[in-house]
Each structure stands twice: as C-alpha cells, then as structure tokens.
Asker: 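Mind having a look at this structure? Questions to follow.
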Amino acid sequence: MDELVALFQKAGLSEVKAKETASNKKLAPKFEQAIQAGDVVDGTYGALLYNLASTITPKALSHLPYIAKAITSGKLQSSDQVSAAIKFCEKVDGDISETAFNKECGVGVTVTVEEITSSISALMSEKKADLETKRYAMAGQLLGLVKSRLRWADQKIVKDELDKQILSILGPKDERDNPKAKKKETKPTKEAAPVAAAVQAPKVAEMAKSTRFIFEGELARLHKAGENPQIKPELMKEHLARTKGRVITRFPPEPNGFLHIGHAKAINVNFGYAAAFNGITYLRYDDTNPEAEEEVYFTAILDTIRWLGYEPYKITHSSDYFQRLYDLAVDLVKRDKAYVCHCTGEQMHADRGGEAKGPRRECVHRNRPIEESLAEFEKMKRGDYNEGEAILRMKMDMQNPNPQFWDLVAYRVLKTTPHFRTGRDWCIYPTYDYTHCLVDSFEDITHSLCTTEFTLSRESYYWLVDALEVYKPVQWEYGRLNLSYTVMSKRKLKRLVEEKYVSGWDDPRLYTMAGIRRRGFTAEAVNAFVRELGVTTANTIIGPERIDNFVRDHLNEVAPRLMLVLEPLKVTITNLPEDHLEELVIPNKPRDDAMGTHVVPFTRTLYIESSDFREEDDPNFYRLAPGKTVGLLHIPHPITATEVVKDANGKVVEIKARYENAGNTKKPKTYIHWIAESPKHQSPVKVETRLYSSLFTHENPSSLKKEWLSALNPDSLISLPEAFCEVGILGYKNEDKFQAVRTGYFCVDKDSDFEKQRYVLNRTVTLKEDSKKDK
C-alpha cells in the first residue's frame with residue numbers, strides 16, 4: 001500500500017487523498033492503471049486521470065488505457081472531454097476509431113474568443129428580459145446554456161466573458177443580488193426615504209426557486225435524456241417512444257420513519273432537476289419491508305413533499321410491481337443468474353471474507369441445478385420456509401473487489417407482519433438491491449439520483465438490469481447533507497422517539513421535516529437553504545446556524561410583530577389613575593402598511609421582562625433600574641422606576657414607576673416591550689413558551705459510536721409556562737408565526753387549546769446577535 005500511496009502522490013494527489021484512494025479497493029486499481037497507461041512522470045495530469053478512474057463506467061473500462069493516453073498526450077484537456085470520452089467508449093465494442101474519438105471528444109477543436117463573445121452576445125439578446133427581472137440569480141442558468149452551445153470552449157474564458165456581459169447589462173451587484181448583505185442603518189431623511197424604498201434585497205422565497213444549483217456544478221454535467229447506453233439498442237428506442245425524451249426522476253423513500261433535513265435536499269434535487277427540464281417526478285414508496293412500515297410514515301412523507309411545494313406526477317409503490325418483480329426473479333434463475341441459498345447469516349459473512357477480510361468463496365448452493373433453484377424459490381413463495389431458512393441470491397462475482405457484487409440477496413422470507421398494502425398475499429419480499437433498479441426501469445427513470453453511500457451499488461444496479469435485458473436508467477450520486485449537533489440516522493431517530501428522549505418524530509429539537517415545521521421553519525427557507533448549498537459529490541456537515549439564518553431572514557420578511565414577555569415582572573404606574581385605559585393602534589410590521597395593524601391596551605398596570613430591570617444599576621445598563629428612566633415601545637412618554645417591591649423571600653415582585661408625561665423629558669437611550677393588564681381586552685394572554693437549543697452537546701454525536709446518547713443536552717428544552725403575550729395573538733392558529741419583538745421568532749404549537757385560548761409557543765430562532773443586547 002505504501003508503494004501505491006507514493007505513486008498516487010507522484011501523480012499529484014495530496015498525502016491524505018493518496019492514502020484514502022489507496023485504501024479504496026474499487027478506485028485504487030483503476031487509478032493505478034490510468035497512471036501506468038498514461039506513463040505519468042509528474043502531477044501534471046493527475047487530476048484528469050483521477051477524474052477518469054473515479055467516473056469510468058463498466059462498459060468503458062476496457063478502454064481506460066486509451067483514454068489515459070489521450071489525457072497525457074494532451075488531447076483531452078478538461079473533465080468535460082474526459083466525460084465525453086467515457087460516453088464514446090461505452091458504445092465501442094472493438095477497436096477505437098481515432099477519427100471518431102477525436103470528433104466526439106472535441107480534440108483539436110478551437111473556439112476563438114470572438115466566437116465566445118458573439119455566442120454570449122446572442123444569448124444575452126435572447127434572455128435580456130428574463131435577466132433584467134431575475135438579475136444575477138439567473139447567472140447559473142445562463143452559464144449552463146452557454147456551456148451547451150460552446151461545449152469545447154475554454155470554460156474560464158466563457159465564464160469571464162459571461163460575467164462581463166451580465167455586468168454591462170445589470171451593473172454591479174447590489175442588495176437585490178446578495179441576500180446576506182447587511183443594510184447600513186442611517187437616519188431616514190425625506191430625501192433618502194424614496195431611494196431606500198427602491199432598493200430591496202432578494203427575497204428568500206425567490207431564492208427557494210433558484211435553479212442555479214442545477215445549471216452550475218455537478219448537475220450541469222449530467223447526461224441528456226436518451227443518452228444512457230443500453231445493452232440492446234432497441235431498449236432505448238422503446239424507452240424514447242414511451243417518454244418522448246422527457247426527463248423523469250423519482251423520490252423513493254422507505255416508509256419506515258419521518259423524513260429529515262437531508263431528504264429536503266433529495267426532494268429539491270429530484271423534483272427540481274426534472275422541473276428545470278420540463279420533466280416529471282414520481283413519488284415512489286419503497287415498501288419492501290412490512291416489519292418497519294406504518295401508515296403514519298406514508299402520510300408524513302407525502303405531507304412533507306407537498307409542504308415543500310412539490311406535487312408528484314404520480315404516487316407509486318414498489319409493491320405495485322410485486323408480481324412483475326417476482327416474474328423477473330424467476331427469469332433471472334432461468335438465466336442461471338440467481339439461486340436459492342440456505343446459508344445462515346454467519347455462513348454468508350464467512351464466505352465473504354469474515355472479520356479478517358480474508359479470501360472469499362462461493363456459497364455451497366451456488367451451482368445447484370437451475371430447476372432445483374426454481375423449485376426451491378417456489379417453496380419460498382408458497383410459505384414452506386420460515387424466515388432465515390432460504391433466500392434468493394443473485395449470481396454475481398464473489399471475486400470482484402466491490403462488495404456489491406458478492407452475490408447480493410434478492411428475496412427473503414418475511415412472515416411475521418402483514419404488508420400494509422398487500423396484506424398476506426406475499427410471504428417473500430424483494431430487497432432494495434433487487435427492487436430499486438428494476439422499478440426505476442419499469443417507470444422509465446432517466447436520472448436515478450441518490451446519495452454517495454450508493455456509489456458502490458451503481459455497478460450492481462447496472463449488472464441486474466443488463467442481466468435481465470431491460471431498459472437501464474443512469475444512477476448518479478451526490479453528497480448527502482448532514483447537520484452538526486444532531487443525528488440523521490433513522491435508526492437513531494427511532495430510538496430517541498421510542499425511548500422517550502423526545503416527544504415524537506415531530507419534536508422541534510429534531511431535524512426531521514415534521515420537527516422543523518412544528519418549530520416554525522418555513523418551506524421557503526428550507527428550499528432556499530438546500531438550493532444555495534448547491535450539489536457536489538462531497539458529503540457535507542453544516543452548522544445549524546446556516547439554516548437558522550435562512551429561516552430568520554424569511555420570517556423577518558413575512559412575520560407580523562407582537563410583544564411577548566417570557567418572565568413577567570409587574571410594573572405599576574403610580575401617577576396614572578386606576579381606570580386609565582388607552583387603545584393603541586400599532587402596526588403588525590413597522591414600515592409595511594400591507595401587513596395591517598392591531599389594537600393593544602395601555603393601562604396603569606404593565607408587565608415587562610424581569611431581565612429588563614436590575615436592582616443594582618450599572619452605567620452600561622440602559623434599561624430599568626431604581627431612579628432610571630426607560631422608554632416603552634409605542635408609548636410617547638417613558639417611565640422612571642421609583643420603588644421596588646419584594647416578597648418575603650427578598651425576590652423583586654413589582655416595580656412602581658412614574659409616567660413622565662409632564663414637561664420635557666430627555667429621550668431615553670433604549671425602549672423595552674411591555675404588556676398591559678386589561679380584563680376588558682383579555683390582556684395579558686397567558687402562554688407557555690418553549691425555548692429550544694441543540695439536542696446534543698457534541699458536534700458529531702454519531703462519532704461517539706455506542707455512547708452517542710451520552711451527548712444529549714439536558715437543557716435542550718426550557719419551558720416557561722407563565723409567559724404573557726399581547727392580545728394580538730388572539731385568533732392565531734396552529735403553525736402561525738410571529739416575531740416577538742426584542743426576543744425572537746415564535747410559532748404556535750399544536751399542543752395549544754384554541755377554544756380555551758391557551759397557547760403554546762415554540763421559539764423558532766432567536767433574533768440576530770446584537771452586541772448591545774445586554775444594555
């Protein structure tokens with residue numbers, strides 16, 4: 001292995017990447033072969049050779065040396081040319097025609113700067129109206145279009161020229177093009193007001209519809225519908241006759257749990273990619289394990305998809321195809337590509353090399369007569385075997401370095417639990433490895449998009465559809481999305497739920513889709529978050545503050561403002577009469593008349609946040625203290641604390657204050673929120689507030705292996721059952737959201753009793769950090 005590491009470093013890989021590649025039994029021999037075939041002496045061509053080794057398909061593998069030599073000779077100079085070379089070689093059975101190869105791969109093609117400029121100018125003319133509306137958000141789509149027209153042009157020159165021409169049309173980027181830009185706060189003037197009103201930052205809702213992640217990066221390189229090679233040419237002709245060349249994707253969740261934030265990326269990738277090309281997307285429930293499936297999961301999955309704003313072209317189930325899958329399994333046995341095995345799990349593990357990863361050997365049942373396997377498979381279907389006594393395995397290649405070729409299980413016996421849809425019609429069920437690719441084929445999927453943990457499965461996917469000589473989709477893998485300070489594994493999530501560490505799958509501390517929806521996240525913020533992250537082949541772990549920022553920005557745009565006091569402290573204004581009552585009309589959102597107004601009472605008795613008062617004053621503390629004056633939001637005059645009232649234990653329970661409505665009072669340095677006591681208005685409204693923080697104290701709890709539960713945060717939920725909210729909340733329903741001024745964003749929880757006006761509020765996110773918030 002040390003020799004391989006040295007060779008890979010010589011080819012241009014870093015030490016870490018070289019070691020990682022050398023330990024990859026599937027990739028290492030291909031990369032080594034590419035280096036040797038290309039006669040590499042330094043790192044000049046290492047990146048392209050690595051790209052070749054990691055992306056070459058089984059059908060093109062025999063031509064790897066030819067492509068490697070084309071790279072090191074300088075004929076292939078970009079990853080796009082390497083991809084074209086692989087596609088070309090997939091169709092070649094014998095010797096490669098150099099002339100045809102060069103033509104297909106753009107070898108020697110020179111695209112001049114003048115041609116690039118002219119082509120981009122023509123595109124700008126075509127898309128000018130859209131560009132002026134969508135501005136820089138359209139840059140990714142335009143780049144994708146230019147690349148398709150100028151396939152072999154220098155991509156750096158193309159991008160520079162495109163950027164130059166977009167700049168000439170739109171001018172420099174401003175707040176409309178940068179959602180993260182912070183507006184400089186200046187004192188409004190009559191002259192400045194119209195200018196400020198004219199400049200608006202891009203809305204999160206617009207970002208949620210961006211197609212940049214499709215037309216830039218990895219997704220932009222995917223094949224077009226109809227370009228995926230088939231074992232028989234007529235299979236593609238039949239496919240195109242059915243689909244008319246339409247892009248068809250699918251989202252295929254297992255109905256054994258609730259979806260999480262990682263699935264939000266998968267939903268956007270699958271539905272978004274198809275929509276960008278006017279295609280369609282199936283929702284397909286992969287319901288092949290009745291022991292783990294429940295109706296609530298089916299319902300929750302569809303609810304999540306629709307909440308995110310997508311509607312499946314058609315809803316299907318793997319169980320829709322059980323008979324067809326079984327018939328093909330019989331066909332596979334007849335082709336001598338499957339057999340019935342009676343080995344135990346331990347025996348299979350030993351045959352595959354065991355813990356020591358030693359030599360692999362074929363199962364003792366592998367070469368039994370075809371008729372015998374057919375008879376045994378029929379016994380399995382009839383119910384003659386109990387669970388674990390017989391399985392159907394695919395006859396693949398036990399010596400292949402890829403574990404996904406070690407005679408995978410195709411069918412197993414499952415008798416205990418009836419299937420949610422088919423009842424007890426079947427007692428044998430197909431596995432994921434057998435079902436997934438075949439149902440993709442049945443549904444004419446053009447782009448089978450999945451996460452990188454299925455990379456090794458790609459070859460077995462292709463093996464099975466080719467073995468049965470059915471239409472072959474293309475599988476392509478992208479990096480999955482993970483968040484820190486939480487877990488995404490369904491197994492771990494289920495344990496948290498079943499062992500009551502959380503209240504359920506929709507506990508707001510979980511990053512399940514139901515959980516974040518209940519917490520108050522918006523669909524627009526979630527879609528914008530995953531789209532802005534983009535799509536790469538690298539797995540990513542993102543801090544939760546990243547998605548919090550999108551949620552905060554969107555709620556800032558759409559949420560009304562209310563006053564909420566988490567820990568109330570009574571204030572009595574002694575120089576106002578007992579029956580003093582003013583009805584104040586306050587905006588639901590300042591400087592946004594379209595949001596409307598609501599009425600709140602102002603009386604002699606108020607409640608403020610206990611943290612807005614300090615008995616011991618501090619020169620850097622600008623809120624209420626004995627003898628100190630503070631402003632009240634929406635009230636023309638401030639108040640001054642004159643007396644502190646304590647209970648028998650010395651706790652401050654009331655502040656007596658003076659309303660400074662006589663003479664000219666100096667403008668206070670800060671203003672605090674408040675809620676008045678007015679039985680006539682049902683004010684204050686008593687609410688329970690739930691304040692959430694990370695469920696785990698460890699950034700990556702899964703890395704703790706069996707000890708992951710030890711990282712649970714005991715303070716992840718703080719409940720304040722005696723909070724007060726202003727009367728503006730009356731009439732709010734489940735999932736209604738608002739900004740509690742100076743406090744954070746909140747969402748009405750389903751635990752509320754709306755008939756009795758007993759509200760439970762979940763804090764969605766805090767307000768943006770403010771260096772002066774403690775003053």
Side-chain angles (χ1 to χ4, degrees), residues 30 33-35 37-40 44-123 143-159 161-162 215 217-237 239-240 245 247 277 446-447 462 472 474 476:
K30 295 177 186 176
Q33 184 185 9
I35 293 170
D39 195 21
V40 172
T44 304
Y45 304 103
L48 285 179
L49 291 172
Y50 185 86
N51 177 278
L52 168 64
S54 59
T55 60
I56 195 164
T57 59
K59 287 187 71 68
L61 189 58
S62 62
H63 300 295
L64 185 147
Y66 186 94
I67 302 174
K69 289 176 183 176
I71 291 172
T72 55
S73 68
K75 292 171 68 174
L76 303 181
Q77 300 178 0
S78 69
S79 58
D80 286 337
Q81 287 184 302
V82 173
S83 296
I86 292 171
K87 288 183 179 180
F88 174 82
C89 291
E90 286 177 336
K91 304 171 186 176
V92 177
D93 291 329
D95 294 335
I96 291 177
S97 163
E98 184 175 0
T99 302
F101 178 87
N102 292 348
K103 180 180 179 181
E104 188 68 21
C105 301
V107 175
V109 175
T110 300
V111 183
T112 67
V113 173
E114 291 75 16
E115 288 173 323
I116 292 172
T117 302
S118 175
S119 181
I120 294 176
S121 296
L123 180 64
L143 182 59
L145 291 171
V146 174
K147 285 183 175 181
S148 67
R149 298 182 183 188
L150 300 171
R151 187 178 182 189
W152 309 121
D154 185 310
Q155 294 304 311
K156 184 179 185 306
I157 297 175
V158 168
K159 189 173 188 309
E161 179 61 28
L162 178 64
F215 294 104
E218 299 292 338
L219 287 177
R221 301 174 185 171
L222 296 187
H223 68 287
K224 295 179 182 178
E227 290 184 345
N228 37 318
Q230 304 295 315
I231 195 169
K232 291 182 176 180
E234 57 266 30
L235 292 172
M236 178 53 70
K237 292 179 182 178
H239 163 76
L240 291 175
V247 169
F277 296 98
T446 58
H447 297 75
Y462 293 157
K472 178 169 60 183
V474 169
W476 183 81

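In what follows, every heavy atom counts, from backbone to side chain, and hydrogens, waters and symmetry copies are set aside. No experiment lies behind these values; they were computed from the predicted model shown.
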Asker: Which is it for Thr446 and His239 under the side chain to side chain contact (heavy atoms under 4.5 Å, CB included) test, yes or no, and what are the steps along the way?
Answerer: CA-CA 10 Å; Thr446 58; His239 163 76; 3.8 Å; yes
Asker: Is there side-chain contact between Lys472 and Ile231, with at least one heavy-atom pair below 4.5 Å?
Answerer: no
Asker: With rounding to the nearest 0.5 angstrom, report the CG to CG distance, Leu235 to Leu240.
Answerer: 11.0 Å
Asker: Quick check: closest heavy atoms across Gly94 and His63, and the distance to 0.1 Å?
Answerer: O-CE1, 3.2 Å
Asker: If you look at every heavy atom in Ala37 and Ala68, which pair is closest and at what distance?
Answerer: CB-CB, 4.1 Å
Asker: Check for a donor-acceptor pair, side chain of Ser121 on one end and backbone N or O of Thr117 on the other, with a separation under 3.5 Å.
Answerer: yes
Asker: Search all heavy atoms of Ile35 against all heavy atoms of Leu49 and return the closest pair with its distance.
Answerer: CA-CD1, 4.4 Å
Asker: Is there side-chain contact between Leu219 and Trp476, with heavy atoms separated by less than 4.5 Å?
Answerer: yes
Asker: CD of Glu161 to CD1 of Ile116: how many Å apart, nearest 0.5 Å?
Answerer: 8.0 Å
Asker: Go through the structure and list residues passing salt bridge (Lys or Arg N to Asp or Glu O under 4.0 Å) with Glu115, not counting sequence neighbours.
Answerer: none
Asker: Within the 4.5 Å heavy-atom criterion, are Gln77 and Trp152 side-chain neighbours or not?
Answerer: no
Asker: Looking at OG1 of Thr55 and CD1 of Ile86, how far apart are the two atoms once the value is rounded to the nearest 0.5 Å?
Answerer: 3.5 Å
Asker: Roughly how far apart are Lys159 NZ and Leu143 CG, rounded to 0.5 Å?
Answerer: 6.5 Å
Asker: Taking the six-membered ring for Trp, are His447 and His223 parallel (under 30°), tilted (30 to 60°) or perpendicular (over 60°)?
Answerer: parallel
Asker: For Ser97 and Phe88, work out which heavy atoms get closest and say how close.
Answerer: O-CZ, 4.3 Å
Asker: Could you check Val474 against Tyr462 for side chain to side chain contact (heavy atoms under 4.5 Å, CB included), going step by step and ending with a plain yes or no?
Answerer: CA-CA 8 Å; Val474 169; Tyr462 293 157; 3.7 Å; yes
Asker: Return the set of residues passing salt bridge (Lys or Arg N to Asp or Glu O under 4.0 Å) with Lys59 (not counting sequence neighbours), or none when no residue passes.
Answerer: none
Asker: Could you check if a side-chain atom of Leu48 sits within less than 4.5 angstrom of a side-chain atom of Leu76, using non-hydrogen atoms only?
Answerer: no
Asker: In Å, rounded to the nearest 0.5 Å, how long is the span from OG of Ser83 to CG of Asn51?
Answerer: 6.0 Å
Asker: Taking all atoms of both residues into account, what is the closest heavy-atom pair of Ala53 and Lys30, and its distance?
Answerer: O-CD, 3.5 Å
Asker: Distance from Ser62 atom OG to Asp93 atom CG, nearest 0.5 Å?
Answerer: 8.5 Å
Asker: Check Cys105 against Ala85 and note the closest heavy-atom contact, atom names and distance.
Answerer: SG-CA, 3.4 Å
Asker: Check this for me: Lys69, atom NZ, are more than 12 non-hydrogen atoms of other residues, nucleotides or ligands nearer than 6.0 Å?
Answerer: no
Asker: Atom NZ of residue position Lys75 - does it have more than 12 heavy atoms of other residues, nucleotides or ligands inside 6.0 Å?
Answerer: yes
